[in-house]
Asks: 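I'd like to ask some things about the structure below.
Computed from a prediction, not measured in an experiment: that's the story for all the values here. Letters A, B, ... are given to chains in the order of the sequence lines, protein chains preceding strands, and every chain is numbered from 1.
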There are 4 protein chains.
Amino acid sequence: MLLSEPGGIQKTQLAEKADVLLVLGGDGTILNAARLAAERSIPILGVNMGGLGFLTEVRLDNLYPSLERVFANDYALDERLMLTTHVHRHGETVARGIVLNDVVISKGTLARMIELQIAIGGQFVTNLRGDGLIIGTPTGSTAYSLSAGGPIMNPALQALILTPICPHTLTHRPLIVPGDVVIEVTLTSKDDGSMATLDGQVGVAMTQGDTAVVRASDYRTRLIRFPESHYYEVLRKKLKWGHV
Amino acid sequence: MLLSEPGGIQKTQLAEKADVLLVLGGDGTILNAARLAAERSIPILGVNMGGLGFLTEVRLDNLYPSLERVFANDYALDERLMLTTHVHRHGETVARGIVLNDVVISKGTLARMIELQIAIGGQFVTNLRGDGLIIGTPTGSTAYSLSAGGPIMNPALQALILTPICPHTLTHRPLIVPGDVVIEVTLTSKDDGSMATLDGQVGVAMTQGDTAVVRASDYRTRLIRFPESHYYEVLRKKLKWGHV
Amino acid sequence: MLLSEPGGIQKTQLAEKADVLLVLGGDGTILNAARLAAERSIPILGVNMGGLGFLTEVRLDNLYPSLERVFANDYALDERLMLTTHVHRHGETVARGIVLNDVVISKGTLARMIELQIAIGGQFVTNLRGDGLIIGTPTGSTAYSLSAGGPIMNPALQALILTPICPHTLTHRPLIVPGDVVIEVTLTSKDDGSMATLDGQVGVAMTQGDTAVVRASDYRTRLIRFPESHYYEVLRKKLKWGHV
Amino acid sequence: MLLSEPGGIQKTQLAEKADVLLVLGGDGTILNAARLAAERSIPILGVNMGGLGFLTEVRLDNLYPSLERVFANDYALDERLMLTTHVHRHGETVARGIVLNDVVISKGTLARMIELQIAIGGQFVTNLRGDGLIIGTPTGSTAYSLSAGGPIMNPALQALILTPICPHTLTHRPLIVPGDVVIEVTLTSKDDGSMATLDGQVGVAMTQGDTAVVRASDYRTRLIRFPESHYYEVLRKKLKWGHV
């Protein structure tokens with residue numbers, strides 16, 4: 001079954017039944033689909049409805065030939081690391097979720113700064129004061145993390161990135177860690193509207209003392225790719241490298 | 001009259017009557033006092049109650065000798081540029097204020113990005129997408145703007161800085177403009193909790209189409225300085241330059 | 001007299017005799033012409049032979065109409081701050097020069113780092129270790145300084161910028177100072193091929209203990225501008241703002 | 001055999017005969033020892049003679065107890081990825097070397113910019129114009145790459161980083177790639193004193209058309225560690241996180 005829109009069935013049902021998800025939209029639409037598809041690892045074919053995307057693979061005018069190739073099994077699967085997040089409060093899990101790009105813990109609108117205590121693999125790393133922290137996958141490295149000053153990570157990497165947002169201490173820098181570590185981020189400043197935001201789409205309020213526990217998920221996003229597509233070519237075009 | 005705390009009189013009355021404001025606290029306390037003192041240009045003596053500050057001049061244990069020097073007129077006044085801001089909506093001014101550090105126009109907590117249309121001196125400059133924009137004075141350059149990637153500006157400069165916060169377009173950079181220009185920033189994305197924040201202390205909700213008009217104020221903050229104090233020495237200590 | 005190429009007369013004679021310098025080339029060609037034109041403040045009309053430039057004003061295919069306007073005095077002069085540099089060694093001036101963009105003091109190719117002692121207005125600022133230091137004008141802020149992480153400065157500013165190149169101490173940041181200060185930069189590490197480079201075109205070897213003294217020049221570069229040209233429009237195009 | 005200084009025998013002989021290298025100095029001394037020790041994978045115990053280092057493990061005043069623990073086999077080995085570099089010219093290898101931190105391809109002192117063509121895994125990535133390119137290991141991420149704007153990489157990562165130095169195109173960013181790729185960097189601008197520098201210590205002249213081929217080495221640097229040493233604690237101290 002192949003559906004582009006939920007139509008008469010629920011989005012969640014869609015993910016239970018589909019063999020392939022055909023997603024028409026932009027990268028944001030794919031992030032949404034990736035969360036739906038995660039538990040059953042359904043392959044996703046992203047169809048670009050606007051400008052070039054990092055996650056969409058084919059242009060709309062190339063949709064039918066691309067589908068023929070999918071039906072003929074003439075494609076590769078590009079497996080992307082995802083993150084699973086649990087927010088703990090007084091020993092209970094108050095929220096959980098899975099993302100393809102990033103988990104962002106950020107200050108409320110009026111607050112000047114929040115303070116986050118960061119531990120990696122059970123070791124204390126630092127107390128970060130600033131606008132917040134992005135915990136991203138390699139896929140997410142070209143999203144919000146890039147705007148916050150982070151590097152580009154090849155999506156084949158089994159690694160996570162912690163990118164501080166407007167850190168008060170100028171020596172804080174994006175930090176790349178192995179993909180198998182557990183990251184714990186505790187809000188130590190008083191709650192002032194702080195949120196954990198999953199893939200820029202789902203928000204979870206955080207109060208003082210809450211801990212977001214983030215690790216690589218057992219699930220992967222599986223993107224349908226055709227051999228002629230090249231990661232560095234997309235990167236070059238999106239970032240306009242080589243133009244004066 | 002010299003008062004360190006409002007006590008029985010109102011804060012606003014204080015500013016109407018005082019000849020000198022003695023401010024005990026940190027840089028944040030001085031920002032607050034600077035707004036009160038602005039219209040009457042009352043000299044401010046900042047007394048540092050915690051770590052070294054950019055705006056505080058004397059340490060608490062040096063308070064009495066410093067006061068003696070103030071009474072003896074043995075001091076200089078360091079005049080600092082301030083910004084005046086008006087928020088316009090459908091041709092009306094819905095909020096106004098004056099700041100010593102910065103006016104920040106930023107996204108709501110859940111929003112992924114806002115879009116701001118920026119004009120300087122009546123000329124269109126750019127549409128900025130990102131977390132927001134800081135419009136700062138030279139004094140404010142070592143505050144939030146620095147965390148967002150901005151440069152340090154000597155406070156004697158008659159210039160303003162526009163620092164984008166996590167801009168989506170990677171070629172957006174902090175922009176320094178002459179102190180006599182008018183900056184107009186219009187929220188063109190839909191309102192999602194966007195705010196204009198004055199000196200990190202006063203928030204004004206902004207809705208789609210609102211324009212913040214920011215220019216140098218006619219008022220100045222006048223900080224009491226003693227000849228042995230040196231801007232670059234404070235900078236060096238605050239930023240720990242020269243240590244390995 | 002109006003000449004586009006030195007031909008039979010010397011470049012230096014050209015500057016002695018010309019009333020207007022018509023410069024065909026890119027921004028680099030104009031930097032060269034600006035140094036020649038400085039002492040007599042000859043207006044320069046930059047004709048763009050390649051891509052859009054910050055300093056060139058007209059495209060080649062618009063040359064003749066533009067010249068007509070120059071002859072008819074239908075233009076404005078955009079005066080740009082220049083820097084004068086003297087390199088002192090054991091009390092003697094061993095080199096001097098004038099620039100429109102920047103003076104760069106940088107390490108030799110093999111050296112890992114140099115150390116520079118920086119003073120501004122006679123006050124010690126910091127010891128900088130790294131690849132070097134760019135001292136730029138507002139015009140130069142969109143040249144090398146921008147690549148090194150500096151901000152954009154509106155060319156009307158009377159201010160200078162000191163941009164560290166790959167500083168070892170991460171809290172070093174670009175620093176903007178008023179246009180009337182004297183900047184002294186002394187090479188304190190041992191000489192290893194260090195150079196002071198003027199506008200990227202003229203190199204002066206620096207040895208340990210040498211001091212480069214940089215200040216605003218009395219001369220200005222005077223660029224011919226037509227009213228329809230807009231600084232922010234050029235900026236927007238050069239930096240591809242507003243494109244996704 | 002355990003020797004701290006080459007004394008009567010050659011440095012290279014030392015590496016042929018030693019079971020453990022005891023290195024007294026700073027991180028630079030260890031870089032040098034790491035190249036000597038690489039082929040035989042000799043464990044290195046770094047003894048810190050100055051400030052805290054990323055690679056040194058014990059302070060001089062703790063030397064003898066530490067040695068006792070080494071003799072008693074009471075230590076762990078921290079294996080660090082190294083890079084091997086070959087410089088190709090007209091089909092011949094003109095230089096080769098191995099590094100623990102980084103290979104830097106950079107412009108000559110007078111040159112304004114060089115142009116480098118970068119390919120990763122046989123795919124064209126970009127033409128980079130600027131001061132140069134750093135190709136670093138995770139260990140090297142806290143060295144020159146950090147000064148050039150790169151992120152911090154946990155040394156356990158099997159990944160490489162390409163950090164542009166003062167790139168002309170502002171959208172060039174540090175790029176992290178998997179540890180098993182081959183990176184080819186060709187100097188396409190004319191030779192002007194360009195160099196490939198290995199760990200900041202060994203220089204190889206590069207001429208137009210030369211290609212540096214960089215990949216992970218089969219050898220590893222093996223650093224002796226004691227269980228009480230913590231990577232994030234060293235990071236926190238070196239970068240002064242958590243201090244105001």
Asks: Does any non-hydrogen side-chain atom of D:Asn154 lie less than 4.5 Å from one of A:Ile176?
Replies: no
Asks: Counting C-beta onward and ignoring hydrogens, is there a side-chain heavy-atom pair between A:Arg236 and D:Phe124 closer than 4.5 Å?
Replies: yes
Asks: Flag the one option from D:Gln158, D:Met153, D:Arg173 with the top tally of heavy-atom pairs under 4.5 Å to chain A.
Replies: D:Arg173
Asks: Counting only heavy atoms from other residues, nucleotides and ligands, does the tally under 6.0 Å from CG of D:Asp74 exceed 12?
Replies: yes
Asks: Should we count CG of A:Asn62 as having more than 12 external heavy atoms under 6.0 Å?
Replies: yes
Asks: Please rank A:Pro167, A:Gly149, A:Ala156 by heavy-atom pairs under 4.5 Å with chain D and give me the top one.
Replies: A:Gly149
Asks: Between D:Leu146 and chain A, which part of the residue has a heavy atom less than 4.5 Å away: side chain, backbone, both or neither?
Replies: both
Asks: Could you tell me whether the side chain of D:Thr171 and the main chain of A:Leu239 form a donor-acceptor pair under 3.5 Å?
Replies: yes
Asks: Nearest 0.5 Å, what's the NE2-NZ distance between A:His172 and D:Lys240?
Replies: 12.5 Å
Asks: Quick check: are there more than 12 heavy atoms from other residues, nucleotides or ligands sitting under 6.0 Å from CZ of A:Arg59?
Replies: no
Asks: If you count heavy-atom pairs within less than 4.5 Å of chain A, which of D:Ile161, D:Ile120, D:Ile152, D:Leu235 leads?
Replies: D:Ile152
Asks: Report, as yes or no, whether the 6.0 Å neighbourhood of atom CZ on D:Arg215 holds more than 12 heavy atoms from other residues, nucleotides or ligands.
Replies: no
Asks: Can you check whether A:Trp241 reaches D:Val125 side chain to side chain, under 4.5 Å on heavy atoms?
Replies: yes
Asks: Are A:Tyr232 and D:Val177 packed together at the side-chain level, in the sense that at least one heavy-atom pair is separated by less than 4.5 angstrom?
Replies: yes
Asks: Return the CD to CD distance between A:Glu233 and D:Gln123, rounded to the nearest 0.5 Å.
Replies: 8.5 Å
Asks: Take atom CZ in D:Arg220; do more than 12 heavy atoms of anything else shown fall under 6.0 Å from it?
Replies: yes
